[in-house]
2 protein chains.
Amino acid sequence: MSKPDAALPTPRPVAAARRKAAGAAPARRGRPPKAQAKAAGETRELILDAAEDLFSKHGFYGVTIREVAREAGVDTALVHYYFGAKRDLFDAVFLRRAAVWNDERVAAIDRYAETAGEAMTLEGLLEAFLRPPFEWSLKGGPGWKHYAALVAQTNANPSFGGETMARYFDPAIHRLIELIAKVLPDASEVDLYWGYHNLSGALTLTLGETGRLDRLSNGLARSGDLETAGDYMVRFAAAGFRAVVGMSPRQP
Amino acid sequence: MSKPDAALPTPRPVAAARRKAAGAAPARRGRPPKAQAKAAGETRELILDAAEDLFSKHGFYGVTIREVAREAGVDTALVHYYFGAKRDLFDAVFLRRAAVWNDERVAAIDRYAETAGEAMTLEGLLEAFLRPPFEWSLKGGPGWKHYAALVAQTNANPSFGGETMARYFDPAIHRLIELIAKVLPDASEVDLYWGYHNLSGALTLTLGETGRLDRLSNGLARSGDLETAGDYMVRFAAAGFRAVVGMSPRQP
DNA sequence: GTCTATAAGATGATAGAC
DNA sequence: GTCTATCATCTTATAGAC
């Protein structure tokens, strides 16, 4: 019934093993061309961009410093010069967009809450909270798409970036839950946390854009169709939140 | 507001680096004790168990063969003797429980559908489909818990195990969707696939037991409380499925 | 089946010339 | 800031003795 041969991300041997397997160009002889002079801070950003891309696809251990340098078009030693240890590079990547990402989401729900006033709805709130990341992932350039996948990965396994995630993402989530509580006054805090947990999983899986859904549905639904994903998610989660109200008794 | 110092999985340098960092025992001198004779097939299982544990926590690249051998209490060369390349070991781990896992879920929803007959409900179906993995993770011993986390990881990033996942998991999911279609006759296939996508994300995040929820909720809700997670998930997803019925027009 | 020894190469990181 | 050269270590994987 299912077609076990559709396109899935290919397994990825670490840097050199992959180059070998791919029968890649025989490692250009002689001097590599000197890098052109870069604008101030540009090298730093190039490295972050490359690392963001690779970490989001292969995880911390699946990426080598050499690979990052190669994709960034800079020398290996420069990566250490700018960021120190590999782990620090990862943290820098995750940190770079964390504040923007969350400030924007908080601003969006606050703006919505103020505009809507008494007419505030659950769907409206979720829409305001979910749409910014989807929009960035779609239209913010490749960096934002990679970052979205990195956030998804970190949410699913906080071994790397967990600290940063808790520091920057949790306050935004708390604000959302606070506002949902106004719309669902009978919900307990526990109800809302479990509700958010369910939403969070869906969001994470969506931002990862793994292609699983494409294959499962034989192309009927596409992982990368974030517009549609958002529409379904808002409806699905709003109904879900309402359905779990009252499952745990409220604290007195 | 959040406590940025609670317990989260610690970053994990690769094998030797971690041993060094931990200031571990000075690598015992002299001959290691010979392994006792093992029952037939036991060594194989020991290796699979160790690999399952480690892969589920650190991913493919975050685990070394030496580490697997050490945790299994066998010689490094034996891992290759039994499984060949590292990638083949990973596949063997993922494959070992794939059939059981999915056969049991299909059996559970089929049994439910037959017993309930006309009285079949969405909640009943989801309960039948979701409870087995939760039960195993809770009561099936550590192996099943590790496997659940591995499934979660693979769903979130199918670079490794994607093929196996599609082959073994998709048919079970298709069967679930088929039965949901009976309960929600007005839903289009697309509606159901997006609905399942939302459920799948929640399931994945839950089986991962990352501790994110514990921290976010300051201990009010616990990732490891799979009983409660299941109760909320059934209610949340059932309402979600109903809410998305009709969003995409049905195929003629 | 189990272990020793070792090949063959990749990796994170740094010192120091320019 | 950038690049070369290199260290010290780790990694997968195999050949071959027992």
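Here the structure is a predicted model, which means the values were calculated and not measured. Only heavy atoms go into these numbers, but all of them, side chains included; no hydrogens, no water, no symmetry mates.
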What is the distance, rounded to the nearest whole Å, between atom [atom1] of [X] and atom [atom2] of [N]?
X: A/Ile47; N: D/dT2; atom1: CD1; atom2: C1'; answer: 11 Å
X: B/Arg70; N: C/dC3; atom1: CZ; atom2: C1'; answer: 18 Å
X: A/Phe90; N: C/dG12; atom1: CZ; atom2: C1'; answer: 17 Å
X: A/Glu67; N: C/dA10; atom1: CD; atom2: P; answer: 13 Å

If you compare every side-chain N and O of B/Thr43 against the phosphate oxygens of C/dG1 (OP1, OP2), does one of them come in below 4.0 Å?
no

Exam field: side chain A/Ser200 to backbone A/Tyr196, donor-acceptor pair closer than 3.5 Å
no

Does the side chain of [Y] come within less than 4.5 Å of [X]'s, by heavy atoms?
X: B/Lys57; Y: B/Glu52; answer: no
X: B/Asp170; Y: A/Arg212; answer: yes
X: B/Phe134; Y: B/Leu207; answer: yes

When you get a sec, tell me which of D/dT2, C/dG1, C/dT4 is the closest nucleotide to the side chain of B/Asp75?
C/dT4

Listed nucleotide nearest any side-chain atom of B/Leu78, set C/dG1, C/dT11, D/dT2
C/dG1

Can a side-chain donor-acceptor contact be found between B/His197 and A/Thr206 if the only test is distance below 3.5 angstrom?
yes

When you check every protein heavy atom under 4.0 Å of nucleotides 13-18 of chain D, what one-letter string (B, S, -) results, 5' to 3'?
BB----

What distance separates A/Asp214 CG from A/Leu220 CG, expressed to the nearest 0.5 Å?
10.5 Å

